[in-house]
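Inspection log for the structure reproduced underneath, given as structure tokens.
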Amino acid sequence: MDYTAALAALTKWAESTPAVRALVLTGSAAQGTEHRLSDRDVQVFTRDGDGLLADESWWRGLGDVLAVERLEDGDGNPTRLVYYAGGKLDFTLLEAGELKGRAYEGPYRVLLDKDGHAATAALRPEPDGPPTAEEFDESVNWAWAAALMEAKALVRDEPWSAKLRDQDLKEQLLEMIEWDHRARHGEEFDTGILGAGMRRWMDEDVQQALRHCWSGLDARESARALAATAGLYVALAERTAARHGFPAFDHERAHAELRSLLAEVG
């Protein structure tokens, strides 16, 4: 997909569509740090969101559509994640007035602004801040729940179930990695989104440890990967808890249960 041509076509369409008031490009492409496989994230500010959702020709005409996810973002705004041959465009539909005074937490580039509202928007990155004691405790409990359930699935030789619980555990591990790095490098330290750019920001020793945390479908191999994942999680959790003064969690009891289960893996 030729992103330059696609965005130009999208802008031309928006210019001639009265309901569409502005287009804003966000993400790595707005910053100029995109990879050749990076998506293009576009915010569409409109007076007629329902109309744009009903008539999909505006994004279908931008390329050869392979698949589309019709979702909502975390704030309830409708999104269309469109997979084209050779590329992907992610659209978020927002009310036209929401661009006025908008605070962006990451890079953005205005493609079209009919009402001049973009002049009142600004980049105001806000660090996520440290976890609360409650958030930290929830992560630890969820991580151990996932680890123990994965181990039981491995004992039962249920690799699919094990992989699902492993994904739950990896989500908690990534969050703990982010908390650990911000605790040590400063709360404004950029840990990316969903692990993006990890080669840039993640400490080398953590990256090396992660090499042992994935496996195929072999039960023993999976058990070794689970043990490595749990060990890395515990090390980071204990370090993060100490940094923030959180109450100590009794990891050893859960770890002992995990080791007992993994010893049964055939």
Side-chain angles (χ1 to χ4, degrees), residues 127-266:
D128 291 334
T132 64
E134 292 75 16
E135 290 170 335
F136 183 86
D137 183 69
E138 179 180 271
S139 174
V140 172
N141 279 278
W142 285 11
W144 276 117
L148 293 170
M149 289 303 295
E150 181 183 351
K152 291 179 180 180
L154 292 175
V155 172
R156 296 194 302 267
D157 194 25
E158 294 287 352
W160 198 292
S161 297
K163 290 299 183 187
L164 291 176
R165 296 320 300 256
D166 185 62
Q167 179 60 31
D168 294 337
L169 175 56
K170 291 301 195 296
E171 288 180 7
Q172 300 306 317
L173 175 60
L174 176 58
E175 185 171 56
M176 190 60 68
I177 291 172
E178 294 171 347
W179 285 344
D180 167 70
H181 279 60
R182 292 201 296 270
R184 292 183 296 109
H185 301 307
E187 290 302 329
E188 295 186 0
F189 184 76
D190 182 10
T191 55
I193 299 174
L194 297 178
M198 61 172 280
R199 298 297 189 192
R200 168 185 55 81
W201 63 263
M202 195 177 294
D203 289 350
E204 183 62 28
D205 62 329
V206 175
Q207 292 190 45
Q208 290 300 316
L210 286 173
R211 295 176 59 191
H212 305 286
C213 294
W214 273 269
S215 69
L217 296 181
D218 179 78
R220 290 185 179 178
E221 182 186 353
S222 296
R224 288 193 292 269
L226 173 53
T229 303
L232 177 58
Y233 183 90
V234 169
L236 296 174
E238 290 181 337
R239 187 161 69 183
T240 302
R243 285 270 180 174
H244 293 298
F246 293 151
F249 184 89
D250 190 353
H251 292 285
E252 182 49 39
R253 290 179 62 215
H255 221 155
E257 180 74 6
L258 180 66
R259 288 192 292 267
S260 176
L261 287 168
L262 293 181
E264 299 183 44
V265 176

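Position 1 is the first residue of the sequence, and the numbers go up from there. All heavy atoms count here, side chains included; hydrogens, waters and symmetry mates do not.
- A distance of 8.5 Å separates CG in Asp205 from CD in Gln208, rounded to the nearest 0.5 Å.
- Atom CG in Leu226 sits 15.0 Å away from atom NE2 in His212 (nearest 0.5 Å).
- In plain terms, the two heavy atoms of Pro131 and His244 that are nearest each other are CD-NE2, 4.0 Å.
- For the side-chain contact (heavy atoms from CB on, under 4.5 Å) with Glu150, the lone residue among Arg165, Gln167, Glu158 that qualifies is Arg165.
- Smallest separation of non-hydrogen atoms from Trp201 and Gly192: NE1-N, 4.1 Å.
- Counting non-hydrogen atoms of other residues, nucleotides and ligands closer than 6.0 Å to NZ of Lys152 gives a total of 12 or fewer.
- With ring centers used as reference points, His255 lies 6.0 Å or more from His251.
- Residue Leu258 comes nearest to Trp144 through the heavy atom pair CD2-CZ3, 3.9 Å, listed as atom of the first residue, atom of the second, then distance.
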Can you check side chain to side chain contact (heavy atoms under 4.5 Å, CB included) on Cys213 and Tyr233, steps first, answer last?
CA-CA 10 Å; Cys213 294; Tyr233 183 90; over 6 Å; no

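- In this view, Ala225 and Ser215 satisfy the side chain to side chain contact (heavy atoms under 4.5 Å, CB included) rule, not counting sequence neighbours.
- No more than 12 heavy atoms of other residues, nucleotides or ligands sit less than 6.0 Å from atom CH2 of Trp142.
- The two residues Leu148 and Ala254 come nearest to each other via the heavy atoms CD2-O, 4.0 Å.
- Of the charged side-chain nitrogens involved, at least one lies within less than 4.0 Å of a carboxylate oxygen, so that Arg259 and Glu252 count as a salt-bridged pair.
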Evaluate Met198 against Val206 for side chain to side chain contact (heavy atoms under 4.5 Å, CB included), listing each step before the verdict.
CA-CA 10 Å; Met198 61 172 280; Val206 175; over 6 Å; no

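- Applying the salt bridge (Lys or Arg N to Asp or Glu O under 4.0 Å) test to Asp203 and every residue at least two apart in sequence or in another chain returns Arg184.
- Atoms NE2 and CG, from His181 and Leu236 in turn, are 8.0 Å apart once rounded to the nearest 0.5 Å.
- Once rounded to the nearest 0.5 Å, the distance linking OG1 of Thr191 with CD of Glu175 reads 10.0 Å.
- Rounded to the nearest 0.5 angstrom, Arg239 CZ and Arg243 CZ are separated by 7.5 Å.
- Salt bridge Asp166/Lys163: absent, no basic N to carboxylate O contact under 4.0 Å.
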Report the C-alpha distance between Leu173 and Leu210 in whole Å, list the side-chain angles of each, state the deciding distance to 0.1 Å, and finish with yes or no for side chain to side chain contact (heavy atoms under 4.5 Å, CB included).
CA-CA 10 Å; Leu173 175 60; Leu210 286 173; 3.8 Å; yes

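- Shortest non-hydrogen contact noted between Ser139 and Met176 is OG-CE, 3.9 Å.
- Note that CD of Glu238 and CZ of Phe246 are 14.5 Å apart. Values are rounded to the nearest 0.5 Å.
- More than 12 heavy atoms of other shown residues, nucleotides or ligands fall within 6.0 angstrom of atom CZ in Arg200.
- Residues Arg182 and Pro130 have side chains not in contact (no heavy-atom distance under 4.5 Å, counting atoms from C-beta outward).
- Nearest heavy atom pair, residue Gly216 against residue Glu221, reads N-OE2, 3.2 Å.
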Checking Asp168 against Met149 for the side chain to side chain contact (heavy atoms under 4.5 Å, CB included) test, could you report, in this order, the C-alpha distance in whole Å, the side-chain angles of both residues, the deciding distance, and whether it holds?
CA-CA 10 Å; Asp168 294 337; Met149 289 303 295; over 6 Å; no

